Q: 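Sending over a structure as structure tokens; questions will come in a sec.
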Amino acid sequence: MSLNLTPNIDNPDDFYADLLAVHEGLSKTESDALNARLILILANQIGDREVLGAALKAAKESTHQPG
């Protein structure tokens with residue numbers, strides 16, 4: 001199993017704009033809750049625990065880069 005970490009979204013700038021737009025007018029708490037729901041929806045779409053585990057590991061490792 002190999003996790004795809006290369007850009008793979010059609011029109012990524014449009015998706016980013018949509019993501020920002022859906023957060024407009026939300027409080028920090030509401031925005032955090034929306035992000036949590038989105039993560040769970042996308043995780044359910046992926047469905048493969050091995051892929052999800054690799055994604056969790058990659059996300060955690062990307063936050064601990066030497067600075």
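Quick note: residue numbers are just sequence positions, from 1. No hydrogens, no waters, no symmetry mates; every other heavy atom, side chains included, goes into these values. Keep in mind that what you see is a predicted model, and the values were worked out from it rather than measured.
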Q: Which distance, rounded to the nearest 0.5 Å, do you find between the CG of Leu38 and the CG of Leu42?
A: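 The distance works out to 4.5 Å.
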Q: Report all side-chain donor-acceptor pairs from residues 3-22 shorter than 3.5 Å, counting only partners two or more places apart or in another chain.
A:
{"unit_1": "Asn4", "atom_1": "OD1", "unit_2": "Thr6", "atom_2": "N", "d": "3.0"}
{"unit_1": "Asn4", "atom_1": "OD1", "unit_2": "Thr6", "atom_2": "OG1", "d": "2.7"}

Q: Mind checking what makes side-chain contact (heavy atoms from CB on, under 4.5 Å) contact with Leu26, not counting sequence neighbours?
A: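 His23, Glu30, Ser31, Leu34.
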Q: Just jot down the salt bridge (charged side-chain N to carboxylate O under 4.0 Å, His left out) partners of Asp48, sequence neighbours excluded, or say none.
A: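 Asp48 satisfies salt bridge (charged side-chain N to carboxylate O under 4.0 Å, His left out) with no residue once adjacent residues are dropped.
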Q: Any side-chain heavy atom of Leu56 within less than 4.5 Å of one from Leu52?
A: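 Side chain of Leu56 against side chain of Leu52, heavy atoms only: no contact under 4.5 Å found.
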